[in-house]
Amino acid sequence: MLFQAIDSGTGQAALQISGTVIVSRGRMHKLAELPGYCAVLDGKVHAAIYFCCRDEECEIVSLDSKTENIGAGSRLIELVVEEAARARCTRVWLITSNDNSKAIRFYQKRGFDLIAVHREAITEARKLKPSIPLTGYDGIPVRHEVEFEYRLDYRENGE
């Protein structure tokens with residue numbers, strides 16, 4: 001599997017996996033305007049991650065994969081963490097929805113800490129993106145944003 005920056009050759013395929021717009025913490029992100037990485041196998045994009053670094057923080061805006069359990073998501077996260085470290089960010093953070101127990105487990109296994117539940121944030125996000133479903137995995141109502149972070153504290157490392 002080849003991991004590369006999303007570019008003009010992979011951009012459309014990556015957007016087909018991830019969609020075009022993500023809302024997190026009340027902010028609308030157009031994925032085509034963000035940097036990202038993708039996993040390519042046999043000439044096809046199988047996974048994509050988009051991120052946004054600003055104010056010493058790096059948000060993983062979207063991570064989606066068509067193929068699970070092959071390490072693509074883990075490697076894409078590593079690439080974003082490396083990018084965030086180069087940009088001297090102090091943390092990498094992300095939002096998932098309250099119904100997505102698989103993602104909640106996935107991020108915790110990769111060193112992310114659950115730091116907040118933003119009650120009714122997805123209910124509010126529907127004002128910006130009405131297509132967000134009311135019901136998600138296992139019939140669970142989709143209402144809350146669950147925030148995770150991975151700390152990159154340079155002061156602890158003597159830098």
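The model shown is predicted, which means the values in this text are computed figures rather than measured ones. For reference, positions follow the sequence shown, starting with 1.
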Value rounded to 0.5 Å, distance of [atom1] in [X] from [atom2] in [Y]:
X   : Y   : atom1 : atom2 : result
M1  : I70 : CE    : CD1   : 3.0 Å
E83 : C53 : CD    : SG    : 6.5 Å
L15 : I6  : CG    : CD1   : 7.0 Å

Exercise for review: In sequence, state the C-alpha distance, the side-chain angles, and the governing distance for T90 and E57, and then conclude on side-chain hydrogen bond (donor to acceptor under 3.5 Å, both in side chains).
Suggested key: CA-CA 6 Å; T90 59; E57 297 185 344; 5.4 Å; no
Exercise for review: List the steps, then state whether salt bridge (charged side-chain N to carboxylate O under 4.0 Å, His left out) holds for R25 with E145.
Suggested key: CA-CA 8 Å; R25 301 302 305 126; E145 290 181 342; 3.2 Å; yes
**Study point:** E149: partners by side chain to side chain contact (heavy atoms under 4.5 Å, CB included), with sequence neighbours left out
**Key:**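 Residues passing side chain to side chain contact (heavy atoms under 4.5 Å, CB included) with E149: R91, W93, I115, R151.
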Check your understanding: Quick one: side chain to side chain contact (heavy atoms under 4.5 Å, CB included) partners of L79, sequence neighbours excluded?
Key ->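 L79 satisfies side chain to side chain contact (heavy atoms under 4.5 Å, CB included) with F3, Y37, R75, L76, E82 once adjacent residues are dropped.
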Exercise for review: Indicate yes or no: does K102 engage E68 in a salt bridge with an N to O separation below 4.0 Å.
Suggested key: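 Yes, K102 and E68 are salt-bridged.
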Practice item. Would you tell me whether T10 and D7 have side-chain atoms, one donor and one acceptor, within less than 3.5 Å of each other? Key: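 On atom types as modelled, these side chains qualify, holding a pair under 3.5 Å.
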Review point. Any chance the side chains of D99 and S101 put a donor and an acceptor closer than 3.5 Å?
Key: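 S101 and D99 do not have a side-chain donor-acceptor pair below 3.5 Å.
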[X] atom [atom1], over 12 foreign heavy atoms within 6.0 Å:
X    : atom1 : value
Q12  : CD    : no
D42  : CG    : no
F112 : CZ    : yes
K129 : NZ    : yes

Check your understanding: Taking all atoms of both residues into account, what is the closest heavy-atom pair of A85 and L152, and its distance?
Key ->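 Taking A85 first and L152 second, the nearest heavy atoms are N-CD1, 4.0 Å.
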Review point. If we only count heavy atoms from C-beta on, is the F106 to L63 side-chain gap below 4.5 Å?
Key: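 Touching, per the 4.5 Å side-chain cut-off.
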Tabulate below the donor-acceptor pairs under 3.5 Å that side-chain atoms of residues 136-144 make, not counting sequence neighbours, or state none.
unit_1: R143; atom_1: NE; unit_2: E120; atom_2: OE2; d: 3.0
unit_1: R143; atom_1: NH2; unit_2: E120; atom_2: OE2; d: 2.4
unit_1: H144; atom_1: ND1; unit_2: E120; atom_2: N; d: 2.9

